[in-house]
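Structure first, then comments.
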Amino acid sequence: MDWDHVRFFLAITREGSLRAAGRQLGVDQATAGRRLAALERQLGAKLFAHTPTGYLLTEAGQALLVNAERMEQEAQAIERRTRGLDAQLAGTVRLSMPDRFMETRIAPALARLHERYPDVRLMLWIERDHAGGIDHPISTYQADIGIRMRRPALSGLITRRLGPITAGLYAAKSYIAERGVPVRGTWFLGHDLILLYGAGRDRETELCDEPITNGRVVLEANTDLAVLSAASSGLGVALLSPDLAAREPQLVRLWPEHEQEMDVWLVVHPDVYKAARVRVVMDALIEAFADEVRLPRARERVPAR
């Protein structure tokens, strides 16, 4: 079976149309259609039913999906191992992380890294679903290193706790002038709330140890920057990290004596863990969090091979 055809099959399955699959793979709709037709001829089976809502898998397509995903995993493993053979401080390292860290924390660390290792090239994928939640595999975008807001449950990955980060409640000055500051113990009675959500992430039921029962949720967004923008516009009260909130002078910290703590995890594929270029990027990311955390660094857990 031709892997090049199979990757088009997977893209169509995930995107639901030839046009979207072609766009993901950098080709036009006609090319995606030809690849699908070639695979169906090769297998002698119809893999999709074309419906008004998109391309849906037939029974034959469902049967192929498990093996196709296994082929994808093997292809990605080969690529990662090939990249990992290079022990020189040069080459590409692929990162994925939530948008909350890039501007305030990671970008300065990567600038320092570039000064020391100018031949290490970085490719960054900003996660749009709050780092995909607890079970999101970093292999989805073929990342070598991921930063996660929860420890991934998938086995076989190397994980390291970067430490906790803190967040607090913020609202715009215009919101406070109109609605006042929420009173502790009233469960946000009379106040509008902005919440963060993402795949694999339960909806918040408390903010800084205060139940949100009496509050009115006016917006749920899947990125921190969207929450920041909404809060700075006066839409409601939001939970934000102080370094992110500092970008918007119109935001005011509420209940400064109360904060919420969240763990941050570094996740690395074992296939590339020993590559020198990956290790120096890991060190840069660890250093980016070390100043705030000021905690003993967690020991690395290397899965049994």
Answer yes or no: is there a side-chain heavy-atom contact under 4.5 Å between Arg121 and Val93? no

Using the side-chain hydrogen bond (donor to acceptor under 3.5 Å, both in side chains) rule, take Arg277 and Thr92 through it: C-alpha gap first, then chi angles, then the decisive distance, then the call. CA-CA 8 Å; Arg277 66 185 184 282; Thr92 299; over 6 Å; no

Do Ile145 and Arg94 come within less than 4.5 Å of each other through their side chains, counting heavy atoms only? no

With side chain to side chain contact (heavy atoms under 4.5 Å, CB included) as the test, would you mind laying out the steps for His258 and Glu210 before giving the verdict? CA-CA 10 Å; His258 297 277; Glu210 179 82 3; over 6 Å; no

Could you walk me through whether His269 and Asp144 pass side chain to side chain contact (heavy atoms under 4.5 Å, CB included), step by step? CA-CA 6 Å; His269 268 297; Asp144 303 308; 5.8 Å; no

Between Ser241 and Met262, is a side chain to side chain contact (heavy atoms under 4.5 Å, CB included) present by the stated rule, with each step listed? CA-CA 10 Å; Ser241 61; Met262 298 167 286; over 6 Å; no

Flag, side chain of Gln260 to backbone of Cys208, donor-acceptor distance under 3.5 Å: yes

Please indicate whether Glu206 has more than 12 foreign heavy atoms, meaning atoms of other residues, nucleotides or ligands, lying under 6.0 Å from its CD. yes

Pair Glu72, Arg14 - check salt bridge (charged side-chain N to carboxylate O under 4.0 Å, His left out), show working. CA-CA 13 Å; Glu72 179 184 46; Arg14 292 162 181 168; 2.7 Å; yes

Flag the pair Leu196 / Thr223 as yes when at least one side-chain heavy-atom distance between them is below 4.5 Å, and no otherwise. no

Is it the case that over 12 heavy atoms from other parts of the model lie below 6.0 angstrom from the CZ atom of Arg19? no

Under a 4.5 Å cut-off applied to non-hydrogen side-chain atoms, are Leu195 and Ile212 in contact? yes

Working note: Asp263 + Arg161, criterion side chain to side chain contact (heavy atoms under 4.5 Å, CB included); need CA distance, chi angles, decisive distance, verdict. CA-CA 7 Å; Asp263 278 337; Arg161 181 175 176 268; 3.1 Å; yes

Side-chain heavy-atom pair Glu40, Lys46 within 4.5 angstrom cut-off: yes

Show which residues join Val27 in its hydrophobic cluster (side-chain heavy-atom contacts under 4.5 Å, direct or indirect), or state none. Phe8, Leu25

Hey, are Glu69 and Arg7 close enough for a salt bridge, meaning a charged N less than 4.0 Å from a carboxylate O? no

Between Phe188 and Trp255, is the gap from one ring center to the other below 6.0 Å? yes

Report the relative orientation of the aromatic rings in Phe48 and Phe9; use parallel for angles under 30°, tilted for 30 to 60°, perpendicular for over 60°. tilted

Out of Leu113, Val264, Ile106, Val268, which residue meets the side chain to side chain contact (heavy atoms under 4.5 Å, CB included) rule with Leu285? Ile106

Val218 versus Leu193: any side-chain heavy-atom pair under 4.5 Å? no

With side chain to side chain donor-acceptor pair (under 3.5 Å) as the rule and sequence neighbours excluded, what pairs involving residues 225-240 come up? none

Does a salt bridge link Asp28 with Arg23, judged by any charged N lying under 4.0 Å from a carboxylate O? no

Side-chain touch Val6/Asp2, heavy atoms, less than 4.5 angstrom: no

